[in-house]
Amino acid sequence: TLRSIARAVIAGDGRALAPDGRPLRSARVDGVREPSFTDSDGYFQLDVREGDVITVRTHGGASCALDLANAVPADLESARYVNLGSRTCQ
């Protein structure tokens, strides 16, 4: 028996920060679909799903993860857009 579990995708925005609190500028953000890029203040827009961990890659080649736990509402059926807030790279 094949069992499929679908997870809803929702558009969101947030801010990527380095562990020292500085914004991650012009970094690539990989999520559910197409990648996004942060602006000069670390802000980005991205399609996300509940429980996702997204990857951020800087121009210098360093990468880190942004944990979206508790950022995406469990009831995505009623949500249209979510503010992910500021997230510090782990």
Verify the cluster assignment for Y43 and I54: are they in a single hydrophobic cluster under the rule of side-chain heavy atoms below 4.5 Å apart? no
Derivation of the side-chain contact (heavy atoms from CB on, under 4.5 Å) call for C64 and T55: CA-CA 6 Å; C64 62; T55 303; over 6 Å; no
Walk me through it: do T58 and L24 pass the test side-chain contact (heavy atoms from CB on, under 4.5 Å)? CA-CA 7 Å; T58 65; L24 292 172; 4.1 Å; yes
Applying the side chain to side chain contact (heavy atoms under 4.5 Å, CB included) criterion to L84, which one of L46, V48, D13 satisfies it? V48
Would you say T38's side chain and F44's backbone share a donor-acceptor pair under 3.5 angstrom? no
Would you please test R25 and D41 for salt bridge (charged side-chain N to carboxylate O under 4.0 Å, His left out) and show each step? CA-CA 6 Å; R25 301 173 182 184; D41 292 317; 5.3 Å; no
In terms of heavy-atom contacts, P23 and G42 come closest through CB-N, 3.8 Å
Kindly say whether R15 contributes a backbone atom to a donor-acceptor pair with the side chain of S86 at under 3.5 angstrom? no
Identify whether V82 and V56 are in the same connected component of the hydrophobic contact network (ILVMFWY, side-chain heavy atoms under 4.5 Å). yes
With side-chain contact (heavy atoms from CB on, under 4.5 Å) as the criterion, how do D30 and R57 come out once you've worked through the C-alpha distance, each side chain's angles and the decisive distance to 0.1 Å? CA-CA 8 Å; D30 291 316; R57 290 181 174 78; 2.5 Å; yes
To check you understand the geometry: which heavy-atom pair defines the closest contact between C89 and P19, and what is its length? O-CG, 3.7 Å
For Q45 and F37, what are the C-alpha separation, side-chain angles and deciding distance, and is it a side-chain contact (heavy atoms from CB on, under 4.5 Å)? CA-CA 8 Å; Q45 292 182 340; F37 292 88; over 6 Å; no
Any donor-acceptor pair under 3.5 Å linking the side chain of H59 with the backbone of S26? yes
